[in-house]
Amino acid sequence: MVAATDLYESLPREAIERRIHHRHSPQSIAVSWASRLIVKNAVRAWTMQPNLHWPLEYVDGLAGLLPRFRSSAQIEPVRLEHCTAEWVRAPGACLGRAILYLHGGAFLTCGLNTHRSLVTRLSKAADAGVLTVGYRKLPSHQIADAIDDAMSGLRWLQQRGYDGDQIVVAGDSAGGYLAFMTTLAAIRSRVEKPAGIATISPFTEADPARKLKHRNARRCSMFTRGSLSMFARYLGEAHLPASRGSSPARVASPVDADLSSLPPVTIHASSDELLLPDAELMAERLDAAGIRCDLHLWDGQIHDFPLAADVLPEGRRAIRYIGDFVKEVTARGETLSLRKRKAWGRNRVRVIATAG
């Protein structure tokens with residue numbers, strides 16, 4: 001029998017899948033217009049006055065005050081070394097696989113509350129427990145701190161008995177950046193090699209030039225060209241981890257890293273969003289490195305649309321696709337985990353019998 005990891009390493013280049021989802025719902029049209037009226041204008045205001053004290057750090061707290069849809073998922077507060085986290089398990093979720101989830105929010109905002117519904121849905125779709133990390137954010141901390149917090153999450157999963165081939169690292173938007181960088185750091189430091197990476201609308205290239213030239217720079221329903229330029233300038237002043245051999249002043253981008261050691265990847269993005277070039281470029285670089293990448297492009301959706309899965313059928317479908325990916329790439333690890341637990345049970349019976 002061929003091991004799953006060996007199978008992925010031997011996949012031919014044409015096995016990399018690019019799937020376009022053309023149909024979109026009336027709900028997606030309404031959400032897109034709402035985003036243009038509310039979110040895009042708020043982003044435009046931030047661009048005009050970036051030095052004002054915007055209450056970005058309070059967004060997650062305010063989200064926690066909103067009424068929630070009833071859920072039977074088990075949510076266990078977790079304390080990592082420097083931040084809080086939550087261990088989320090849908091009813092009956094498999095004990096043989098886990099997801100490390102890193103939320104989006106431009107490295108500045110959002111957190112456990114804003115993403116709890118998405119993470120709960122993902123736990124059900126993937127039949128897995130999800131550790132969602134409330135990592136430290138800019139401007140009080142550095143991007144390197146966020147990656148350290150994600151690594152702390154990986155170690156917590158290790159302590160829970162999960163091996164690398166049972167873990168998928170996932171994230172949306174800025175969390176997608178962290179998912180790639182964390183996986184690269186884990187492999188480089190030999191902490192773990194996760195079974196896969198799953199991202200939604202990932203930020204993968206710090207240089208804004210490619211995005212500013214793209215047609216979506218004007219049609220995106222959430223971000224403006226000015227906001228992207230301002231964000232790039234803001235990141236340029238932050239101390240992001242530099243890739244090996246690069247200038248300390250240069251912001252490290254996952255697309256510029258050596259990707260040849262990465263596990264299989266799935267990327268979901270809107271074909272109308274400003275970060276589409278990042279998703280496509282990452283898929284191209286993974287292809288060139290011989291790494292399997294399933295790229296799903298969704299027409300008519302906003303940036304990070306699965307975050308609105310409570311009202312968007314496309315968001316729920318994308319989460320189901322990601323869940324299928326998680327189950328697929330962790331299948332071998334789950335089987336080995338079941339064997340280990342059964343072996344432990346047999347040994348325990350022998351010990352008890354001998355003691356009797």
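All heavy atoms count here, side chains included; hydrogens, waters and symmetry mates do not. None of the values given here were measured: they were computed from a predicted structure.
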- Task: Say whether, by atom type as modelled, one donor and one acceptor occur between the side chain of Thr199 and the main chain of Pro202 under 3.5 angstrom.
- Result: no

- Message: Could you check whether any side-chain N or O of Arg285 sits under 3.5 Å from a backbone N or O of Val255, counting only pairs where one atom can act as donor and the other as acceptor?
- Response: yes

- May I have the step-by-step check of salt bridge (Lys or Arg N to Asp or Glu O under 4.0 Å) for Glu273 and Lys40, ending in yes or no? CA-CA 12 Å; Glu273 68 167 291; Lys40 193 167 186 175; over 6 Å; no

- Report yes or no: does Ser152 contribute a side-chain atom to a donor-acceptor pair with the main-chain N or O of Asp148 at less than 3.5 Å? no

- Is a side-chain donor-acceptor pair under 3.5 Å present for Arg97 with Tyr162? no

- Query: With a 4.5 Å heavy-atom cut-off, do Leu262 and Thr183 have their side chains touching?
  - Reply: yes

- Task: Check whether any side-chain heavy atom of Trp298 sits under 4.5 Å from a side-chain heavy atom of Ile20, and report yes or no.
- Result: no

- Query: Is the closest side-chain heavy-atom distance between Leu276 and Ser270 below 4.5 Å?
  - Reply: no

- Message: With rounding to the nearest 0.5 angstrom, report the CD to CZ distance, Gln166 to Arg160.
- Response: 13.5 Å

- Query: Does one side chain, of Asp299 or Ser271, offer a donor that lies under 3.5 Å from an acceptor on the other?
  - Reply: yes

- Item | Shortest non-hydrogen contact between Gly323 and Leu122, atoms and distance | N-CD1, 4.4 Å

- Message: Would the distance check show the side chain of Arg316 and the main-chain N or O of Ala309 forming a donor-acceptor pair, the cut-off being under 3.5 Å?
- Response: yes

- Message: Using the rule salt bridge (Lys or Arg N to Asp or Glu O under 4.0 Å), only one of Lys137, Arg136, Arg79 pairs with Asp149; which is it?
- Response: Arg136

- Message: Is there a side-chain hydrogen bond (donor to acceptor under 3.5 Å, both in side chains) between Ser117 and Asp310? Walk through the geometry before answering.
- Response: CA-CA 8 Å; Ser117 177; Asp310 288 340; 2.9 Å; yes

- Task: Determine the minimum heavy-atom distance between Leu80 and Ala85, stating which atoms define it.
- Result: CD1-CB, 3.9 Å

- Item | Stepwise side-chain contact (heavy atoms from CB on, under 4.5 Å) test for Val133 and Tyr101 | CA-CA 6 Å; Val133 179; Tyr101 196 88; over 6 Å; no

- Query: To the nearest 0.5 Å, what is the distance between CZ (Arg317) and CZ (Phe305)?
  - Reply: 9.0 Å

- Message: With no hydrogens and no angle check, just 3.5 Å: does a side-chain donor-acceptor pair link Ser123 and Thr120?
- Response: no

- Please walk me through it: do Ile322 and Asp324 pass side-chain contact (heavy atoms from CB on, under 4.5 Å)? CA-CA 5 Å; Ile322 294 172; Asp324 291 341; over 6 Å; no

- Query: Are Asp172 and His268 close enough that a side-chain donor and a side-chain acceptor fall under 3.5 Å?
  - Reply: no

- Query: Does any N or O in the side chain of Asn41 come within less than 3.5 Å of the main-chain N or O of Ile38, such that one atom is a donor and the other an acceptor?
  - Reply: no

- Taking NZ, NE, NH1 and NH2 as the nitrogens, is one of them in Glu280 or Lys211 under 4.0 Å from a carboxylate oxygen of the other? no

- Message: Test your reading of the model: is there a side-chain donor-acceptor pair from Glu86 to the backbone of Thr132, 3.5 Å cut-off?
- Response: no

- Message: Please determine whether side-chain contact (heavy atoms from CB on, under 4.5 Å) holds for the pair Trp87 and Ile75, giving the CA-CA distance in whole Å, both sets of side-chain angles, and the decisive distance to 0.1 Å.
- Response: CA-CA 6 Å; Trp87 177 240; Ile75 301 177; over 6 Å; no

- Between Glu81 and Arg155, does at least one N-O distance fall below 4.0 Å, as a salt bridge requires? yes

- Does Ser189 reach the main-chain N or O of Ala185 with its side chain, forming a donor-acceptor pair under 3.5 Å? yes

- Query: Does the gap between the ring centers of Tyr135 and His103 come in under 6.0 Å?
  - Reply: yes

- Connected via hydrophobic side-chain network under 4.5 Å: Leu37 and Val31: no

- Within-4.5 Å side-chain heavy-atom neighbours: Tyr177 and Thr204: no

- Do you know which two heavy atoms are closest between Gly104 and His115, and how far apart they sit? N-NE2, 3.4 Å

- Note on the structure: Note: Gly153 and Leu131 closest approach over all heavy atoms is O-CD2, 3.5 Å

- Reported CD-to-CE distance for the pair Gln158 and Met151, which is rounded to 0.5 angstrom: 8.5 Å

- Just say parallel, tilted or perpendicular for the rings of Phe203 and Phe231, cut-offs at 30° and 60°. perpendicular

- Query: Is any NZ, NE, NH1 or NH2 atom of the basic residue among Asp294 and Arg19 found under 4.0 Å from an Asp or Glu carboxylate oxygen of the other?
  - Reply: no

- Message: Counting C-beta onward and ignoring hydrogens, is there a side-chain heavy-atom pair between Arg116 and Leu118 closer than 4.5 Å?
- Response: no

- Which is it for Ile267 and Cys293 under the side-chain contact (heavy atoms from CB on, under 4.5 Å) test, yes or no, and what are the steps along the way? CA-CA 7 Å; Ile267 299 174; Cys293 178; 3.9 Å; yes

- Item | Under 3.5 Å donor-acceptor, Arg225 side chain and Leu212 backbone | yes

- Query: Given side chains that start at C-beta, do those of Val265 and Phe180 come closer than 4.5 Å, heavy atoms only?
  - Reply: yes

- Message: Among Gln301, Glu314, His296, which residue satisfies the side chain to side chain donor-acceptor pair (under 3.5 Å) criterion with His21?
- Response: His296

- Query: Has the side chain of Asp165 got a donor or acceptor atom that lies under 3.5 Å from a matching backbone atom of Ala195?
  - Reply: no

- Task: Answer yes or no: is there a donor N or O on one side and an acceptor on the other, between the side chain of Thr224 and the main chain of Ser227, under 3.5 Å?
- Result: yes

- Message: Could you check whether any side-chain heavy atom of Thr330 comes within less than 4.5 Å of a side-chain heavy atom of Ile167, counting everything from C-beta outward?
- Response: no

- Pick from Ser173, Ser35, Ser221: which one makes a side chain to side chain donor-acceptor pair (under 3.5 Å) with His303? Ser173

- Item | Residues forming a ring pair (Phe, Tyr, Trp, His ring centres under 6.0 Å) with His24, sequence neighbours excluded | none

- Message: Just verifying a value: how many Å separate Leu100 CG and Thr182 OG1, rounded to the nearest 0.5 Å?
- Response: 7.0 Å

- So with a 6.0 Å cut-off around CZ of Arg190, is the heavy-atom count from everything else above 12? no

- Query: Quick one: does Val88's side chain get under 4.5 Å of Gln74's, heavy atoms only?
  - Reply: no

- Kindly give the heavy-atom pair with the smallest separation between Leu102 and Ala179, and that separation in Å. CD1-N, 3.7 Å

- Is there a salt bridge (Lys or Arg N to Asp or Glu O under 4.0 Å) between Arg210 and Glu284 once you walk through the steps? CA-CA 14 Å; Arg210 186 187 302 263; Glu284 291 172 7; 5.3 Å; no

- Query: In Å and rounded to the nearest 0.5 Å, what is the OG1 to CD distance from Thr266 to Glu328?
  - Reply: 9.5 Å

- Note on the structure: So CG of Asp278 and OG of Ser201: to nearest 0.5 Å the spacing works out to 10.0 Å

- Taking all atoms of both residues into account, what is the closest heavy-atom pair of Ala126 and Ile99, and its distance? CB-CD1, 3.7 Å

